[in-house]
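Below, chains carry the letters A, B, ... as their sequence lines are ordered, and counting in each starts from 1.
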Amino acid sequence: MKYDFSRIEKKWQEIWEREKLYAAENGTGKEKFYGLVEFPYPSGEGLHVGHPRPYTAMDIIARKRRMQGYNVLFPIGFDAFGLPTENYAIKNHMHPRDVTKRNIARFTEQLKMLGYSFDWDRVVDTTDPEYYKWTQWIFLQMFKKGLAYKASMPVNWCTSCKVVLANEEVVNGVCERCGSEVVRREKSQWMLGITKYAQRLIDDLDDVDYIERVKIQQKNWIGRSTGAEVRFRTTAGDELIVFTTRPDTLFGATYMVMSPEHELLKKWEPLLENIEAVRGYQAEAARKSDFERTELQKDKTGVELMGVRAVNPVTGGEIPIYISDYVLATYGTGAIMAVPGHDTRDWQFAKKFGLPIVEVVKGGDIEKEAFTDCETGVMVNSGFLDGMPVEEAKKTITEWLEGRGLGSAKVNYKLRDWVFSRQRYWGEPIPIVHCDRCGYVAIPEEELPLMLPDVESYETTDTGESPLAHMDEWVNTTCPHCGGPAKRETDTMPQWAGSSWYFLRYIDPKNADAPASKENIGYWMPVDWYNGGMEHTTLHLLYSRFWYKFLYDLGVVPTAEPYQKRTSHGMILGLNPHNFANLPAEEQEELLKTCGSEEAARHHLVEKFGEMAEHPIVKMSKSLGNVVNPDDVVKEFGADTLRTYIMFLGDFEKAAPWQANAVKGCKRFLDRIWNLAEERVDGSEDYSAANEADVHRAIRKVGDDIEAMKFNTAIAALMALVNRYYESKPSRGDIKALLTLVSPFAPHIADELWEIQGFDGHASVAPWPDYDEAKTVEAEKEIAVQVGGKLKTTVKVPADADDDALVAAATADEKIMRLMEGKTLVRTIVVKGRLVNLILK
RNA sequence: GCCGGUGUGGCGGAACUGGCAGACGCCCGGGACUUAAAAUCCCGUGAGGUUACACUCGUACCGGUUCGAUCCCGGUCACCGGCACCA
C-alpha cells in the first residue's frame with residue numbers, strides 16, 4: 001500500500017479531536033507542563049511558512065512531555081485586534097469583527113491541518129468581550145494604583161496612519177507599519193508607568209532561564225545608567241538640574257545645553273534678549289521628524305540663551321546655556337552639563353560654537369578629539385579632585401555635592417513609560433469617563449466589559465480623533481462618581497494590551513469572575529517554556545512581564561515572573577530569485593553568454609534589480625515572489641513532511657533559507673519509514689541484537705536533542721536509524737521504538753503505522769522509551785591513532801579496553817610499526833576510549 | 001559608534017568539555033530493477049595527487065598556546081540582527 005498522507009492526516013486529526021487526546025486537565029495530581037507559543041495575529045493572508053517553525057518546535061516538546069507522563073497545557077489563541085484588520089475592513093466596507101471571524105476560521109483550519117496538539121477547547125480571542133473584559137479590568141486596577149495616567153506629551157505621529165505610535169513602533173524614524181514619516185506632536189495620552197518597574201524587570205532576569213541574548217537585549221533596552229543629578233544655579237534664579245554619568249568631570253563643564261522643549265524656557269522668555277532666535281529654533285525642532293533629527297546628527301545646531309547664564313558649582317564660574325536638539329527632552333532631566341573635553345557630542349558642539357574645552361582627565365589629546373575612554377584615568381585641572389582615579393573622583397564629588405545640597409547619586413533608565421492610547425476603532429475601549437467636576441473616573445467593574453460599539457465609519461480623522469469620537473450616543477454618559485454629565489474616553493488600547501496577559505486566560509478560558517481562578521493559576525503558572533520571536537523581546541515580552549509583576553503585586557498571581565524559560569527561533573528566509581547563484585541553470589548560461597563573465601552577469605543583475613541581487617538569501621516577500629505557502633506544501637507532501645522539513649532545515653535558533661528541493665529528502669525519509677512498517681511485523685517486542693545499540697543511542701540522542709531544541713540533529717539521528725534498519729531487518733520492538741521517537745515530529749504517520757502494527761493505544765501518547773547507557777555501546781569500537789598529533793590510522797579494540805590495551809593495539813598496527821621503525825617513542829597520550837597519540841623522535 | 005551573533009564541501013548544515021572535520025539531507029555521478037521513464041534500492045562524492053595506494057593541503061585571514069585547535073588567546077576582514085545624539 002502506498003503512503004497516502006492526505007487520507008492518514010485527515011483521519012488522525014479527526015480521531016485526536018474526537019478523543020480530546022491533547023486536552024489539559026485542571027488540577028490533577030500529575031506534574032504539569034505549560035508550553036507556550038506566541039499566538040498569531042490572524043491576518044488576511046493566512047498562515048505564513050514562518051508560523052510552523054516555532055509552533056512545530058513547541059508541539060514536539062509538548063508531545064514529548066505528554067509521552068513522559070506530564071499533564072500538558074499547550075494552548076493556542078488569536079491576537080486579533082489591530083490595524084491591518086481595521087484597514088482591510090475600511091477598504092472592503094466590512095465590519096472588522098466579520099473580517100476577524102473569517103480570518104480566525106481560516107487560521108484554525110490551517111493550524112489543524114498541521115496536526116498540532118493544541119487543546120482546542122481553550123482557544124482565546126482577544127476581541128471577544130468576555131476576554132477583553134479582563135484586559136479592561138487589569139487596566140482599571142492600574143488606573144486605581146496610579147500606574148495608568150493621562151499625560152500631555154510629545155508623541156510620535158504617523159503622517160499616513162494618522163495615529164500615535166509607541167516609541168517601539170517607530171523604526172529608523174519611520175512608521176513600523178507603513179514606512180511613512182513620523183513627526184512629533186503634542187497630545188494627551190494614556191500612559192502606563194512601566195518605568196516604575198524598570199529595576200525589577202532587570203533584577204528578576206537573574207531568576208529565569210531565558211536565552212542570554214534575550215536577557216541582554218532587555219537590559220540594554222531598559223538602559224540603566226548610574227551617575228548623579230547636579231543642580232546648577234542660574235542668573236534667572238531657577239536651578240537647572242542635569243543628570244550625568246560622569247560627575248567627576250564637573251570641573252570641565254564649560255557650558256550647558258537644554259533641549260528645545262525644556263519647560264524652564266517658557267518661564268525664562270521675559271529674560272531672553274534673543275527670544276526670536278530661540279523661538280525660531282524651537283519651532284524648527286518641533287517640525288523636524290525624528291528621522292531628520294537623527295540623520296543630520298553629524299552637524300550640531302543650537303542657539304545660545306542671551307540673558308541667562310549658569311554657575312558651575314565647583315569652579316564658581318559663570319557659563320553659557322544653549323538650546324540644542326542634540327539634547328533629548330525625554331531622557332534624564334532634558335538638560336545636560338557639557339564637558340567637551342570628554343564627550344564627543346559636546347566636543348563637536350564646542351568646536352562649532354568656539355566654546356572652551358578643558359581637560360580634566362589625563363591621557364588623551366583634547367585638541368584632536370574628546371577623550372572619552374578615560375574610566376581608568378587620573379583627574380587634572382579639577383581642584384580637590386586632582387590626582388584621584390576617576391572612580392574615586394566620582395564618589396568624592398558626589399558626596400561633596402550631597403553635603404551641600406547641590407546634587408545626589410542617581411540612577412536613570414532609557415526605558416520610558418508606555419504610550420497606551422490609540423486613535424483607532426479596532427481595539428479595547430478604555431474604560432474611563434471624563435467628568436468636568438471629577439476628572440478621569442473609572443467605570444464600575446460591574447459594567448465591564450465596556451463593549452466596543454458599532455460605528456458607521458472606521459475612518460480616522462485628520463485631527464487624530466478615534467472613530468468612536470463621532471458616536472455622541474456612546475460618548476455622552478454620566479459620571480459614575482457624581483452622576484453629572486461626562487464623556488467616555490474614545491481612544492482604544494494598543495494591540496499589545498491583549499497579548500500582555502493571554503497566557504493566564506488559557507488556564508481558565510471561560511471564567512466569568514476572574515481572569516482565571518486562583519486555584520488554577522496556582523497549579524499552572526509559571527509557564528514552563530515559552531518560545532517566540534526575537535522581535536518581541538523588547539515589546540511583548542517586556543510588556544507582559546510588566547503586567548504580570550503588577551498582577552503579582554495585586555496578589556492575583558503567585559510568582560514574580562510569568563515565564564520560567566524563554567527560547568527563540570530564527571526566521572525562515574527565502575532564496576533570492578534575482579541572485580546569480582539561484583537562477584536556473586539555463587538562465588545562468590544565457591547570462592554568461594551575453595555578459596561574458598560571471599562578474600559581469602552579477603553586475604548586470606545588480607543594475608537590473610538593485611543591491612538586493614547580491615544577497616542569495618533574503619527575507620521572503622511578495623514582491624520577490626519567494627513566499628512559500630504552507631497549504632501548498634501540505635497538499636503536495638503532507639503535514640508530516642512539512643513538519644519534519646521545517647525542523648530539519650537548520651539550527652532552530654538561527655535564520656535559515658527554505659529550499660524547495662530539500663523537502664523531498666524528508667518525504668523520502670517518511671516513505672522509508674512507511675515501507676518498514678506498512679505490514680505488521682510479528683515477533684517479540686525486544687530490540688533485535690543487531691540493532692539494539694543503535695536503538696538505545698537513538699533514544700538518548702533524540703531525547704537530548706529535543707530538550708536542547710536541536711531538532712535538526714534529532715531528525716538526522718532518526719534518519720540514520722532508519723538507514724540502519726534497511727541494513728539489518730528490524731524486530732517488532734525496533735519498529736515500536738522508531739515509531740515512538742518519530743511520533744512528536746510526524747504524528748500522523750506514527751499513529752497510522754502504530755495502528756497497523758497493532759500496538760496499544762496511539763503512538764501520540766505512548767510512553768516515551770528509556771535507554772540504557774550501558775547498552776548504547778557496541779562490543780567493539782574504533783579508536784584513532786595519531787603520530788605527532790596527526791591521524792595515521794584507526795584500530796578496533798574491545799569497548800572495555802583500558803589505556804594500556806589501547807596503546808598495545810595502536811603499536812601493534814602494521815602501519816604504525818612501520819612509522820615507528822628507527823625512531824624512539826618519547827611520549828604517549830591516551831584519551832580514554834577515543835584516541836592514542838604517539839610522539840616519536 | 002555601541003551591544004549581540006555568524007563565517008566549515010557545489011548547497012542546507014554536523015562535530016561531546018581541546019581529541020578521527022564534513023554526521024544527516026539536497027544536488028551530482030555510477031550501478032541494479034524496467035521495453036522505457038519515473039519511483040525505489042545499492043555504491044561513490046572536500047581539494048590536489050596516484051592505475052591503485054602512499055602522500056599533501058583544507059573549518060574567513062594573520063599570528064600564538066598545545067602532543068593535538070572548527071573549538072582557547074591576540075589581531076584583521078566580511079556579513080547578519082538589535083540599539084543609536086540616552087549625557
Side-chain angles (χ1 to χ4, degrees), chain A residues 2 171-173 212-214 216-217 219-221 223-225 227 242-246 249 257 259 293-294 296-298 300 324-328 330-339 342-346 348-349 372 412-416 534-535 537-538 570-571 573 575 581-582 615-617 644-645 648-651 653-666 668-669 671-672 675 704 710 712-720 722-723 726-727 782-794 815 826-840:
Chain A
K2 210 175 146 267
V171 176
N172 291 328
E212 205 51 34
R213 56 197 170 120
V214 168
I216 291 168
Q217 246 184 59
K219 281 183 192 164
N220 288 348
W221 185 262
R224 181 183 204 268
S225 47
V242 301
F243 170 73
T244 177
T245 55
R246 298 296 307 276
T249 62
V257 187
S259 73
R293 269 200 177 195
T294 50
L296 301 171
Q297 64 176 265
K298 291 136 236 162
K300 299 272 180 289
S324 171
D325 63 6
Y326 89 84
V327 171
L328 307 174
T330 44
Y331 182 77
T333 62
I336 61 155
M337 63 178 215
V339 184
H342 303 278
D343 181 280
T344 312
R345 297 150 300 176
D346 297 346
Q348 288 166 352
F349 192 86
T372 55
N412 234 305
Y413 302 91
K414 278 198 255 187
L415 186 70
R416 294 178 218 162
M534 278 309 283
E535 71 274 20
T537 301
T538 52
M571 230 193 310
L573 303 173
L575 296 181
N582 295 331
H615 300 276
I617 293 166
T644 308
Y645 174 64
F648 182 65
L649 89 180
D651 183 338
E653 290 201 355
K654 291 190 201 133
W658 180 275
Q659 301 202 106
N661 258 343
V663 180
K664 282 189 288 192
C666 290
R668 212 168 277 163
F669 162 61
D671 280 335
R672 281 162 71 82
N675 292 339
D704 289 353
K710 288 171 164 283
N712 52 339
T713 50
I715 292 167
L718 287 169
M719 287 172 167
V722 168
N723 291 347
Y726 270 70
E727 286 164 27
E782 212 177 47
I783 64 156
V785 183
Q786 296 182 337
V787 173
K790 291 202 167 188
L791 180 74
K792 292 297 170 188
T793 189
T794 59
K815 188 168 163 189
V826 293
R827 196 172 157 197
T828 309
I829 293 142
V830 181
V831 179
K832 204 168 157 2
R834 300 197 74 115
L835 151 153
V836 173
N837 186 9
L838 305 167
I839 313 302
L840 303 179

Touch check for [X], heavy atoms < 4.0 angstrom, all strands: base, sugar-phosphate only, or nothing?
| X | value |
| --- | --- |
| A:Asn412 | nothing |
| A:Ile829 | base |
| A:Leu649 | sugar-phosphate |
| A:Thr793 | nothing |
| A:Asn723 | sugar-phosphate |
| A:Thr244 | sugar-phosphate |
| A:Lys2 | nothing |

Could you check which of [options] has an atom nearest any side-chain atom of [X]?
| X | options | answer |
| --- | --- | --- |
| A:His615 | B:C85, B:G12, B:C80 | B:C80 |
| A:Ala716 | B:C24, B:C85, B:G13 | B:C24 |
| A:Gln659 | B:C20, B:C11, B:G82 | B:C11 |
| A:Thr713 | B:C20, B:A87, B:A15 | B:A15 |
| A:Asn220 | B:A87, B:C3, B:G13 | B:C3 |
| A:Thr794 | B:U56, B:C20, B:A87 | B:C20 |
| A:Arg213 | B:G12, B:G4, B:A87 | B:G4 |
| A:Pro657 | B:A87, B:G13, B:C26 | B:G13 |
| A:Glu782 | B:A87, B:C42, B:C20 | B:C20 |

Interatomic distance, [X] atom [atom1] to [Y] atom [atom2] [nearest 0.5 angstrom]:
| X | Y | atom1 | atom2 | result |
| --- | --- | --- | --- | --- |
| A:Thr644 | A:Phe669 | OG1 | CZ | 6.5 Å |
| A:Thr244 | A:Met337 | OG1 | CE | 4.0 Å |
| A:Lys414 | A:Trp221 | NZ | CH2 | 9.0 Å |

Query raised in the report: Phosphate oxygens OP1/OP2 of B:C55: is one of them under 4.0 Å from a side-chain N or O of A:Lys815?
Result: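 It does, given that an N or O in the side chain of A:Lys815 lies less than 4.0 Å from OP1 or OP2 of B:C55.
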- Below 4.0 angstrom from OP1 or OP2 of B:U40, is there any side-chain N or O of A:Lys664?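 Answer no for this pair, as no side-chain N or O of A:Lys664 is under 4.0 Å from OP1 or OP2.
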For the residue pair A:Lys300 and A:Tyr326, would you count it as a cation-pi contact if the rule is NZ or CZ under 6.0 angstrom from the ring centre and within 45 degrees of the ring axis?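 Judged by the rule (NZ or CZ under 6.0 Å from the ring centre, within 45° of its axis), A:Lys300 counts as positioned above A:Tyr326.
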If you take atom types as modelled and just measure distance, does the side chain of [X] reach the base of [N] with a donor-acceptor pair under 3.5 Å?
| X | N | value |
| --- | --- | --- |
| A:Arg834 | B:C16 | yes |
| A:Lys414 | B:C83 | no |
| A:Glu535 | B:G82 | no |
| A:Asn661 | B:C26 | no |

Taking Watson-Crick and G-U wobble contacts under 3.5 angstrom, with | marking pairs to another strand and [ ] crossing pairs, the secondary structure of RNA chain B is written (((((((..(((......[....))).(((((.......))))).(((......)))..(((((..]....))))))))))))....
Could you tell me whether the side chains of A:Asn837 and A:Arg827 share a donor-acceptor contact shorter than 3.5 Å?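 Note: A:Asn837 and A:Arg827 side chains miss the donor-acceptor criterion.
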Considering only atom [atom1], compute the distance from [N] to [M] and round it to an integer number of Å.
| N | M | atom1 | value |
| --- | --- | --- | --- |
| B:U51 | B:A38 | P | 35 Å |
| B:C80 | B:C53 | C1' | 46 Å |
| B:C26 | B:G44 | P | 15 Å |
| B:U65 | B:C71 | P | 15 Å |

Inset, instruction - Please report, rounded to the nearest Å, how far the P atom of B:C11 is from the CZ atom of A:Phe648. - result: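 Nearest whole value for this atom pair: 17 Å.
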